[in-house]
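As structure tokens, the structure follows; a few thoughts come after it.
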Protein chains: 4
Amino acid sequence: MAKVDRRIIRTRALLRDALMALILEKGYDAVTVQHITDRANLGRATFYLHYKDKEELLVKSLESVFDELVETLGPPAVANELSGSPVLAVFVHAQENSDLYRVLLSGEGSAKLYGRIQAYIANEVMNRLFPILPKERPFPDDLLANYLAGSLLSLTSWWLENDMPYSADQMTETYRQLTFLGLANFVGISPSNMVIQPKNE
Amino acid sequence: MAKVDRRIIRTRALLRDALMALILEKGYDAVTVQHITDRANLGRATFYLHYKDKEELLVKSLESVFDELVETLGPPAVANELSGSPVLAVFVHAQENSDLYRVLLSGEGSAKLYGRIQAYIANEVMNRLFPILPKERPFPDDLLANYLAGSLLSLTSWWLENDMPYSADQMTETYRQLTFLGLANFVGISPSNMVIQPKNE
Amino acid sequence: MAKVDRRIIRTRALLRDALMALILEKGYDAVTVQHITDRANLGRATFYLHYKDKEELLVKSLESVFDELVETLGPPAVANELSGSPVLAVFVHAQENSDLYRVLLSGEGSAKLYGRIQAYIANEVMNRLFPILPKERPFPDDLLANYLAGSLLSLTSWWLENDMPYSADQMTETYRQLTFLGLANFVGISPSNMVIQPKNE
Amino acid sequence: MAKVDRRIIRTRALLRDALMALILEKGYDAVTVQHITDRANLGRATFYLHYKDKEELLVKSLESVFDELVETLGPPAVANELSGSPVLAVFVHAQENSDLYRVLLSGEGSAKLYGRIQAYIANEVMNRLFPILPKERPFPDDLLANYLAGSLLSLTSWWLENDMPYSADQMTETYRQLTFLGLANFVGISPSNMVIQPKNE
DNA sequence: TCCTAAGCGAGACGGTACGTCTTGTCTTCCA
DNA sequence: TGGAAGACAAGACGTACCGTCTCGCTTAGGA
């Protein structure tokens with residue numbers, strides 16, 4: 001078994017922490033490898049012993065952050081009974097790591113990253129929500145998963161950028177109302193120019 | 001009045017076209033100023049006579065693309081009666097410029113860009129939709145606008161990445177159903193773990 | 001015709017001078033490109049606009065130094081009558097550039113360089129001396145040329161390393177006596193163990 | 001007395017052999033410590049347990065090669081009667097180790113090395129030749145020793161680089177003729193521009 | 001129609017970051 | 001204790017872009 005040198009653990013933690021701190025300070029694009037290693041008190045060459053480039057460090061580092069989130073969710077099978085809403089978990093996690101999320105979701109994070117997070121959430125939606133929905137669904141699963149993930153991230157972005165004016169519970173409820181009940185329930189009408197004829201072909 | 005040299009028009013058009021072509025070929029980040037000017041048969045220094053950097057050229061260039069879209073929408077005031085759904089217009093525009101949208105929305109576009117587009121759409125939503133909604137709305141306007149814009153972009157992304165398996169009309173209807181009628185209308189239930197108690201404070 | 005930017009001339013001169021100064025200070029191997037450009041007040045990248053690496057700068061720079069020497073020799077054809085001894089010219093040139101020669105010939109210069117100089121001199125010997133020697137020569141021309149060049153450099157090395165205890169004239173005469181008259185003329189004997197039987201085959 | 005671990009002997013031999021093989025393959029400068037230890041199947045750190053750097057290993061290794069040569073010469077005192085020409089011994093040794101000499105003398109060897117070998121030979125010349133020469137000598141001893149050593153190395157270089165077209169005996173004779181009898185004996189003249197007036201001061 | 005200010009091509013230059021390579025030191029384990 | 005393995009700091013390498021800056025050429029549009 002590959003026994004990992006304890007120094008490696010330490011070095012990687014230093015790099016991860018330095019990267020996170022620097023992203024929050026100046027945005028992902030503006031951070032250089034030199035900055036990271038300076039902050040971590042490591043040689044620049046050492047960086048390359050562990051990661052191919054900035055991107056790889058970021059991805060590996062985020063994995064550990066999101067692994068935390070996934071752990072709080074528990075196994076998909078029993079999620080709906082035991083562990084409360086996974087949506088709530090996302091808002092809570094975002095609240096606890098608000099600095100990080102703020103950077104990732106809007107402004108300075110790389111677009112690749114945003115897409116990756118959305119895909120990640122969409123995947124979780126598929127695993128957790130769909131098993132408890134009726135078999136018959138009028139839309140393709142991945143369309144739906146993508147839509148729900150995108151909506152969730154939009155709300156989260158707005159929430160963080162406006163300094164979290166509501167509680168995580170309230171945001172969860174808002175999300176539920178918007179996605180499950182629909183706007184019509186609240187505004188009373190479907191505006192006329194939204195009513196279009198189904199394409200006849 | 002300072003009459004603008006025709007060469008300036010020409011040069012800027014060449015730069016814009018070169019940038020667009022190159023983004024489609026290799027993604028925004030991978031494009032360099034040198035690439036752009038090579039493609040446009042211009043000197044690199046010439047680029048800087050017109051734009052501060054790649055970003056500025058991109059933004060200015062996209063403006064012209066989206067101005068096109070806005071023109072098809074017509075003035076907000078009469079939108080709901082005359083010009084059909086603005087949502088449909090977005091899907092149609094995305095279809096007509098699918099290569100461009102694909103790059104912008106997923107993968108290689110800069111995150112800043114994505115945010116800017118979302119904000120742009122959110123703004124249009126505010127201008128066009130809200131005047132025809134009831135005055136009383138249970139959510140903050142910008143939350144709603146952001147949510148609707150995010151949902152629209154999510155659907156558009158999914159659509160383009162899956163090679164547009166539906167018509168623009170169908171996507172518009174899907175969007176309407178999801179956002180206005182809500183998921184509950186289709187799946188019949190609001191899953192139990194989504195029902196949470198409003199925070200009492 | 002390629003009109004060379006005057007800045008280029010200036011930049012190359014700065015680089016050459018910086019290299020020479022630094023070689024004298026710390027030896028060729030210890031000089032880095034960064035050192036050179038720092039000394040020359042130029043950006044490091046600028047170096048690479050002009051030379052592939054340190055070696056190329058050195059070679060190109062030495063060419064200009066030795067071109068100077070060759071100019072004082074004049075054309076080979078008339079060398080023996082008009083311009084005095086080319087050997088003397090070498091000693092004089094070495095004296096005038098003693099710092100440089102000291103570095104090149106012993107110690108810190110690269111071996112490649114030493115070989116190149118010897119080859120250069122050997123070539124000049126062929127061009128200048130052989131035309132005025134009798135046609136019949138008992139040794140191959142390049143053996144002889146190499147021998148004479150090597151001897152000359154050996155003497156020059158010794159001379160410089162011992163702080164030039166003789167004049168350039170005296171060194172020239174010494175060289176002439178050793179190579180043309182031979183040791184036997186001065187020590188009277190050919191030591192017994194040097195007398196070997198010609199190989200009969 | 002500290003009995004030297006047999007493993008140490010073995011390790012050093014491996015390092016020496018690896019270095020020699022690699023120098024022949026790619027030249028001294030291009031060889032790295034990593035290359036050496038890879039070839040020797042040793043850890044890189046092990047190298048530094050035994051030698052300060054590449055240079056030290058080289059010098060120590062060459063000592064053993066040249067110790068061989070010195071052994072064939074026997075003690076200086078009786079050299080002239082018993083052991084044949086030391087010059088011949090050099091040519092023979094060079095022939096037997098021609099690959100090594102080729103690298104050391106021309107092209108890729110370090111200049112420091114070349115100088116060291118020349119100094120080594122000059123020293124032997126002083127010890128072996130001068131005792132059998134007349135007391136009165138018109139040139140400083142070290143000038144002479146250096147000259148003879150330089151000439152010998154020049155000839156050896158030429159010989160090896162031209163694939164040894166003559167026997168070691170013939171080279172020895174050539175050397176004797178050139179250095180002891182002088183060129184004048186063969187070409188008949190001392191060219192006019194070599195005749196210079198002694199400097200009167 | 002000329003002339004003059006401008007646009008432009010060409011490319012040198014100072015910078016900054018990159019990812020790679022080598023060196024020499026150190027520490028931890030194994031035989 | 002000698003050696004293997006390899007983490008690490010240091011720092012040079014050559015490359016790639018960036019944005020700025022001249023320098024001349026050419027050319028459009030006002031005199």
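Just so it is clear: chains get the letters A, B, ... in the order the sequence lines come, proteins before strands, and each one is counted from 1. Quick caveat, the model's predicted, so the values are computed rather than measured.
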Nearest-Å distance for atom pair CD1/C1', residues Ile36(B) and dG19(F): 14 Å

Side-chain N or O of Tyr48(B) closer than 4.0 Å to phosphate OP1/OP2 of dG19(F): yes

Nearest-Å distance for atom pair CG/C1', residues Leu15(D) and dA4(F): 13 Å

Salt bridge Glu55(B)-Lys60(B), side-chain N to carboxylate O under 4.0 Å: no

Distance test, side-chain N/O of Arg6(B) to OP1/OP2 of dG29(F), below 4.0 Å: yes

Atom pair distance, as rounded to whole Å: OH in Tyr51(C) and C1' in dA12(F): 20 Å

Interatomic distance, Phe47(C) CZ vs dC13(E) P [rounded to whole Å]: 13 Å

Flag, side chain of His50(C) to backbone of Phe47(C), donor-acceptor distance under 3.5 Å: no

Residue Ala45(C), side-chain atoms from C-beta onward, closest of dA10(F), dG15(E), dC8(F): dG15(E)

Whole-Å gap separating P (dG14(F)) and CG (Leu49(C)): 14 Å

Nearest-Å distance for atom pair CG/P, residues Asp38(C) and dA12(F): 10 Å

Check: Arg7(D) main-chain N/O paired with Thr11(D) side-chain donor or acceptor under 3.5 Å: yes

Separation of dC8(F) P from Leu14(A) CG (nearest whole Å): 9 Å

Closest approach of Ile23(D) to Val31(D) (non-hydrogen atoms, all atoms of both residues): N-CG2, 4.0 Å

dA9(F) phosphate, OP1 or OP2, under 4.0 Å from Thr46(A) side-chain N/O: yes

Distance in angstrom units between Leu22(A) CG and dA17(E) P, rounded: 12 Å

Quiz item: Arg44(D) side-chain donor-acceptor pair to dG24(E) base, under 3.5 Å: yes

Along DNA chain E (nearest heavy atom to each residue), the more 5'-positioned of Gln34(A) and Arg10(C): Arg10(C)

Ile8(D) side chain, from C-beta outward: closest of dG2(F), dC13(F), dT23(E): dG2(F)

Test: Glu25(A) and Arg39(A) ion pair at under 4.0 Å: yes

Residue closer to the 5' end of DNA chain E, Ala30(D) versus Leu42(B) (nearest nucleotide): Leu42(B)

Whichever of Lys54(B) and Asn41(A) has its nearest DNA chain F nucleotide further upstream toward 5': Asn41(A)

Under 4.0 angstrom between His50(B) side-chain N/O and dG7(E) OP1 or OP2: no

Val33(D) side-chain proximity, nearest of dG29(F), dT23(E), dC18(E): dT23(E)

Thr11(D) vs dG3(F): side-chain N/O to OP1/OP2 distance below 4.0 Å: yes

